[in-house]
Every structure is written in C-alpha cells, then in structure tokens.
Amino acid sequence: MTKELPSRYDPKETEDKWYAYWEEHKYFCARPAPGKKPFTVVIPPPNVTGILHMGHALNNTIQDILIRYHRMRGFESLWMPGVDHAGIATQNVVEKSIAKEGLKRQDLGREKFIQRVWQWKEQYGSTIIRQLKKLGASCDWERLRFTMDEDYSRAVVEVFARLYEKKLIYRGHYIINWCPRCQTALSDEEAPHRELQGSLYYLRYPLEENPAEYVVVATTRPETMLGDTAVAVNPKDKRFKKLVGKALILPLIGRRIKVIADSMVDPKFGTGAVKVTPAHDPNDYATGKKHGLEFINVMHPDGRMNENAGDYRDMDRFEARQVILEDLSEKGLLEKTEPHTLSAGHCYRCHTIIEPYLSRQWFVKMKPLAKPAIDAAKKGKVKFYPRRWTKVYLNWMENIQDWCISRQIWWGHRIPVYYCAKCAETGKSQIPNSKFQKKKQNSNPKSQTEEAGVIVSRVRPEKCPVCGSTDLAQDEDVLDTWFSSWLWPFATFYWPDEKRAHADLEYFYPTAALVTAPEIIFFWVARMIMAGEEFMGKAPFSDVYIHGTVRDIEGKKMSKSLGNIIDPLEIIAEYGTDALRFSLISITAQGQDVYLSKERFEQGRNFANKIWNAARFILMNLDEQAAGQNIAPEEGGKKTASAANRWIISRFHSTAGEVARQLDTYRFNEAANTLYVFFWHEFCDWYLEMIKQDIKNPDNQEVMMAVLEGFLRCLHPFMPFITEDLWQRLKLRGDTSIMRAAWPPADKATVDKKLEKQFASLLALVTHIRNLRAWLEIKPEQQAVVSVYPHSKAHAALLSESKALVLSLARLESAHILSENQRPEASVSSVAEGFDVYLHFSGLFDAAKEQAKIKDRLSGMHKSLEAKKARMANKEFVKKAPAEVVEKEKAGIEELTNSITRLEKMFNELQRGA
RNA sequence: GGGCUCAUAGCUCAGUUGGUUAGAGCGUUGCGUUGACAUCGCAAAGGUCAGAGGUUCAAGUCCUCUUGGGCCCACCA
C-alpha cells in the first residue's frame, strides 16, 4: 500500500475522481431515517443565469462544511439544491441573446419567447450546478429543484390563491417603482436608493390673476412639472397664507392649478412651496388623494414623455428635462439652479434610475404575515448569527410595506387571475367560495370589495363561475421571482402535494440553518420566515448565518464592471478547490466582510501541500505490520507510553473538541485556524520531528498514523478532496469513504491538560537552546553540548524520559543534568520555564552581550511580576475574582519569582566572571 | 434623519461570555542541517490595541464622547 507519492500535491489528480466516487455511491443522498436526527440546509438557489463567483464560493463552502460536519456527526444531513428562474435577470439575458439575431421579444410573441428561455435554460442553465460540483458541494443532486418546475409552480399558484382568499392579496392603482428599461414594476427592495449628484431647480409658476407675480417651487425632476395638478404650501406658513386657494398657470402647459395647504409641506425646505405631481411621486400621490386632485400621467412605460406632455411628447425623460429647463429659462421662469445631492431608486437588475409611476398592480398585504415572523425572532425561534442582524430584521419587519408582486415581464409564474369580460361589464363579482372568507368579510365589512370579473383560480377555468361566459383572459403579468423563492424551504419538498411531500417534509422541515449574505435578508430570509409561519405553521429554520460580502483588497464589491473580480474557477485551476475553500474560510471572521486578493489562496495551497507531504512521510515510513491496523486516535491514546505520544494524542483531542465547539457556534475561521496550527506546528514541526529518529518504534508507528487519520476526519468538511484521497491511501478503517467515517468523539479522558502544560515547557527548553545556538552562530551541523538544571522533580523526570527528543530537536551531542549550584565552565546561560540551561561554548563571545540579553529579559519579567504582585496585594481582587483566576496568579508569581531568581543568579555569576 | 459596522505588527486580519508578558498569514532580518515538504525548517525583529473619559479587583474586550473609513434603511420636494 505504501506507494511512492509525488512530492507535491496535485489537486487535479484527485478532485474530479473523488467527486465522481461520492456521487456514484450516493453519499450525498439523504432519506428520512427513523432514529436519526435530520440536519437540513436548503441552498440559496443561484440564478439560472448564474456563474460561480466568490460570493457563491464562500456561501456554499460554509454550507458544505456544515453539511459534511453534521453528516459525520451522525445526522441525516440533507443539503437541498436548486436553481432560481430569476425572472427579470433571465429575461434580460435571453433578450440580449435574441438581439444578436436582430429580434425583440415582441417580435417572437410571448409563447415563442418563453420557449426560447427554456431552450436557453436547457443549454446554459446547469452551468452553475457544474460549478458547484467543482467546489465540492455535497448536495443531494437527485433532489435538484427549479422554481419554474411544474410541481413548484403549483405551490406558487396555491399560495397566491390562499392569500387572495384570505384577502391578503389585492389589486390596486398605486405609485410603484417602475424601471423604464426593464419596463416592469419593482418592489421597494428591488429599487435600492443610491445617492446622486443632481440639481435643485427653482421654477416660477405665475398667478392667474396677475401673471407678473409667481410662486417659486423647487424640484429635482423638472420634467414632472408637466403633470402638476397643484402647488402645496404649509397652512402655517405666513408667506403663502394669502395665496392658498388661488389659481396658478402651469407654465408650458397652461393648465390652471390651485394652491393648496397641507401640513406635510416643510416650510424650511426649498422655497416652502411644493409642486404636486400625483401621478409621479408617492408623497404627491397621497396629497392628490387627500385633496381630490387630478392624476395626470405624463410618461410612457419606457420613460419617454406621453401625449399629456404637450410639445415634449416622445422625448426621453432626461432629454425632456433639459429642453423644459431651456424653455423655462427662455421665458424667465427658471429662477435658479442649485447643486443638490439626492437619492433615487435604481433598478437592481439594470441600474437604471427608476421612475415612481402610477399603475395598477397586485400587492400582498404584509402586516398580518409579519406578525408571527416578528414573534419567531423575538422568542428566539429564529436566531441570527451574528446576533445584530436580528435588529435589522425586526426593524424592517416592523415597518413593513405592502409588497408589489406583479411584474410586466414574460418569464415567470403567470398570475393565476382570469378576467371575465362580461362580468366586468355588468359589475358582478366572483362568488366567495370559502367559509373562512365569508367570516372575514362579515367581521370586517370595510375590507376591500371583490372586483367585478376577477377570478382567482388554481387551474385555468373553462368558464366564468358567475356568468358562465367563456370569454376569459388571464392576467398578462407574472409574479415577482421572490414570490416563488419565499416558499423554497417547503415547496422543494413538493408542498402542497401532500402525498408526495408528506414523509420528506415531515422529516426534514423545518431546516436547521440558512446561510446567506446580508443583502438577502429582506428579499428572501424575512419572507421565507413569513411564508413558513403562514403555510407550515413553523419558521423554516432555526438559525440564520449571515456571512460577509466578498470584496476586493480595497474593500470594493467585486463586480464585472469594476473589473476587480477574482474568479473562483481560476483559483481552483491554479491552486485547487481545497485551497480555495480553506483560504476563504480562514479569512472569514463571523460577520465581517472578506477582503480578498489572489495571494490569499497560497496559504490554502501550501497547507494542502504540507498535509500531503506529512502523509507522504508517514506512508513512506510505515511498516507493513503497522499498515492496515485499525487504529484510531480514540483508541491509540490509551495504549501508548511515551510522553511525546501521550502529548500529541492529548493535543489531538483538545483540538478536535475545540474545533467542534467552534463549528457548533459558526466560528468557521477559528475552526480552520485551530486545525491549521495543530497540524502544521504541533503535529509536523514538533511531533514528527520528535519521532523521526525512532520512527520504526511500534508505538510511534501507531500514533503518527492514528493522529493523521483522525486529523483528516476533522479537516474533511473544510478540505474534502485531499482528506479523502489520503484517507483512502491510509485505509485504516472499515468505511468506504471518509465521508462515512465519524467525526472524532469528544473524549475528555484522552485530554491531559497537565501533561500538555509540562510538555510545553520541554518544548520551550528546546527553543531556548536553539535560540542560544542561533545567537552564538553555532552551525547547524555542529553538535552542541548543554547542561540543564531542572527546577523541580517533575521537570527532571520529564527531561530524563524525553532526553533523546531534546538531543535531536536541539541538535545536541549530549545534555548533562546538573544539581543545584553547578555552573559549567565556558558556557552561555539562559533560563527556560522550569529549567536552567547552559550551552557549552568555548569560542569567543561577549559576556557583556550575554548580560545585556539577560537583563533585558529580566526587566520584562520584573514588570510582569510586579503587576501580579500588585494584583495579589489588592484585597478586592482576591475577594472578587474567581478562585481559579487567583490561583493562576499565585502560581504565576511562584513561577516567575523562581525564574527571576535563577536568571539573577546567572547574571551575578557573569558579573563576577567579568 | 435613523441604525449597523470597522480602526490591533510594515500589509491583510484573528482575538468566544472582561482574567498570564495581545496572536496568525504575508512581508522583513539571520541561519539552513541524515532527502516528507524551499508551496519547507529554525531563530529573530516588529504593537502605549485610533484619541479622551468612565464602569470594574481587572478593559483590546463593556459604557459615553471625539476623529476617520465602510454599509444599510428612510416619502427632504
């Protein structure tokens, strides 16, 4: 079995091979298992147009670690994968692709266009899945879901119908966020505000009775003045008191508009007089409703001015702005222009400035849905990691606005609403069909009334249930993509199809943890909690882990347009998947953004190589007899006698326990770091170096192998490929894959803290000797001689047991053990914790230099000792600090005093000698 | 306007619920030994934990303020 390995780890040799092996053996599959606890994670479904970026890489590595870790801990671990149809994004991509053929979607028509989208999906839609597999994601691929699948769509329609029946969905004319480029309505979340450098324009509106007088209004969007139907002032504003009720002539259009009084106007802003455009501003809309103003829409859906815009008709909104300003200026009606920073909504898909636009849309009434979801977070049924996101979540939930869910695009779930032309004409409404609905209606007669001719149906109705007409037309709009995503944790289990869903949904829902980025909290996390509470009666997950945003080294978000992208697939090709995963994880502190540069991945690659070479070394030196033994560190610890072996076994278990604790609390970077330090520095730099010269010793054989094997299991969730590969080469245990092996159990019996501490002092002794050697420039090949005086019997015992180790680690010919008051001639001295050490040295060296060195150390030690003494002298400290801490201080004083005494003695001896 | 977050070694960052002389990676300096690894080893230098005040026996860690970055939310036309 001991085959010669190359001296460098080559990820390309292992990754695809082992991934195929795992898939073939169905190790990723999870099925309800009685007696086993489930551990479920649903993937944040990437967009079907997605290609793997660093954000995905981080997000999915975290999930994979959780899943693999829990799988090894004996949970039935399910990672549910899937892809999101991403309405607007996908439609945009396909529109771009047909544009190459000179086609617009309108040229194809709805049906053909949607066919093209499906074609596109068949061709490119699995890219992201392939890439996730490259990343090592251990999803149960047999369950792969797509939000536009027939089953999934059924859930979407069901949810729409239920909410409509509960009167939580309604249709209405409101100001919504409109993207003139995508030509669709957007929810508030889809139109994030960005700051802009703009101007505040002061416009003069002449009085009807005396055109020489005017009211000055300030605006940032002068083109909307074409739709003005009033000017508002604050009723308490003395400046305008006499103008209220008077008429103004709207310039350029010539419309007669009134001056109205409304307390919402801030007299301190601008001129104190506000133009009111009820069809193009949410505030003005409210004012318009309140005062019964006219709503005049002046824009086409594509952002050009419409027939109400007079001479500006068909100009783009920004072009119209310029021309209007010129025209006003010409007429002397542009008083002044001031620079002004404003914030405006931007389309989250195409970044176009959105237009507040009056249109008829479908909405979800959110307040009733939010309530249980707020409770869930407040009662700790849903916990955020880091905790601070709870506040962000609650703040949003408590101020939640109704959700605009209709989109004027073609790719998505078509709204399950049908209109009966005949009923609309005659004004008959759909007959309420559920008892619940009736009750609600009665108890709240003011709730919205049924609209005539509107039929909401789970299946396409043959004829109108009211009048029997077959003249039915389905709503042209589709639903917001997030209206399907919010059902993800249960719709993926075939809800509401009870037959199909039952066993899985029962077993795997609610899920354990959701892993996502902060910008998704409102879009998705909050809404999933609401949907879970509403339709399942339970929050969909108990933990939400929010990781940081991946940024470039300057802190900028990675984006194509900035050209600062680091492509994870490139990193995989260059450094390997394990390196990518490990490096990403080790720099991802809980809740902090990740600042990334390519060099960061060297650390991961180097670590993989280090592991590879340590394993190579062990395999090369393994006796046939020891090979194939079924030894785990769990068992190995009790058998072995040598201090070094007991030490490394104890350290291994301490490490495993610590890593488990860190993973259980989502401290991934700390877990990665703990494993790194243990393996590299303790296992390789110290332990393997210790046993090197006695490597054929059966105890050593057993322990080095056992610790390596156990370590590989601990590391597997982080670096799945190299760990599997080496584990297979060791073949120590009966399992067929490291994935099937158990995470090392936390066995406190094998952890010996006292031994660990004592052993550390032995290692410190070695470091001291090496330090002296380096200081005296003793060549490595030159074997030195030391004399050591141990401060206690325990130290003496440990030293004599492990003398051989010290000799080889410090490259010594011999080490004499001294009794008190012996100082060898021609030596240079130092004091380690628990030992005086004298390095025999007959060459030239400067005693003064040595003294200076000792003095330097002494001053540091004195400072520390004084601090400790002061603490112990403080009665409050002794009284109030925990006994453990006081004990520690006491021991520290003793130790320090001892060391100081020893050092001072040396110092004085040197003084005398000089 | 409200909220969150960051400031620790030359650089990039860790540092659990306060508790030895504050850590890592990279970089720097010196030395490299019987072939696991130069993608390596050994040793070393380098920090008044942004500033000021407070709470506490004890503060990098908790509180307040200041300075300077970043982010999110909000209907200032």
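Atoms considered below: every heavy atom in the structure, side chains included; atoms not considered: hydrogens, waters and symmetry mates. Here the structure is a predicted model, which is why all the values come from computation and not from measurement. Throughout, a chain's letter reflects where its sequence line sits, starting with A, and its residues are numbered from 1.
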Among [options], the one nearest [X] by side-chain distance:
| X | options | answer |
| --- | --- | --- |
| A:Gln603 | B:G25, B:A77, B:C37 | B:G25 |
| A:Glu670 | B:A43, B:G41, B:G15 | B:G15 |
| A:Lys391 | B:C57, B:G19, B:G3 | B:G3 |
| A:Pro780 | B:U33, B:A36, B:C40 | B:U33 |
| A:Glu876 | B:C72, B:C37, B:C57 | B:C57 |
| A:Arg616 | B:A77, B:A74, B:A36 | B:A36 |
| A:Lys779 | B:C40, B:C31, B:A74 | B:C31 |
| A:Asn609 | B:G41, B:U39, B:C57 | B:U39 |

- [ ] With RNA chain B as reference, determine whether A:Gln662 or A:Ser586 sits nearer its 5' end, using the nearest nucleotide of each.
- [x]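 In this pair, the answer is A:Ser586.
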Task: OP1 or OP2 of B:C57 under 4.0 Å from side-chain N/O of A:Arg871 - done: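 No.
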- [ ] Compare side-chain N and O positions of A:Lys610 against OP1 and OP2 of B:G41 and report whether any pair is under 4.0 Å apart.
- [x]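 Yes, within the criterion.
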Task: Contact list for RNA chain B against residues 274-284 of chain A - heavy-atom distance below 4.0 Å - done: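 The answer is A:Val274, A:Asn283.
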Open item on the list: Ring centroids only, cut at 6.0 angstrom: are A:Trp389 and A:Phe384 within range, meaning strictly under it?
Closed with: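 Between A:Trp389 and A:Phe384, the centre distance exceeds or equals 6.0 Å.
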Open item on the list: Suppose we screen for side-chain contact (heavy atoms from CB on, under 4.5 Å). Which residues come up paired with A:Glu813, at least two apart in sequence or across chains?
Closed with: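 With sequence neighbours excluded, A:Glu813 shows a side-chain contact (heavy atoms from CB on, under 4.5 Å) to A:Gln783, A:Val785, given in chain and number order.
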Task: Worked check of ring pair (Phe, Tyr, Trp, His ring centres under 6.0 Å) between A:Tyr385 and A:Tyr545 - done: CA-CA 5 Å; A:Tyr385 295 84; A:Tyr545 177 78; 7.4 Å; no
- [ ] Give each stem of RNA chain B as a range with a range, requiring at least 3 consecutive Watson-Crick or G-U wobble pairs whose two distances are under 3.5 Å.
- [x]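 RNA chain B forms these stems: B:1-7 with B:67-73, B:10-13 with B:23-26, B:28-32 with B:40-44, B:50-54 with B:62-66.
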Task: Matching residue for A:Ile324 among A:Leu203, A:Leu226, A:Thr224 - test: side chain to side chain contact (heavy atoms under 4.5 Å, CB included) - done: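 Passing option: A:Leu226.
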TODO: Using a strict cut-off of less than 4.0 Å between a Lys/Arg side-chain nitrogen and an Asp/Glu carboxylate oxygen, indicate whether A:Asp284 and A:Lys275 qualify as a salt bridge.
DONE: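 A salt bridge is absent here (no side-chain N lies under 4.0 Å from a carboxylate O).
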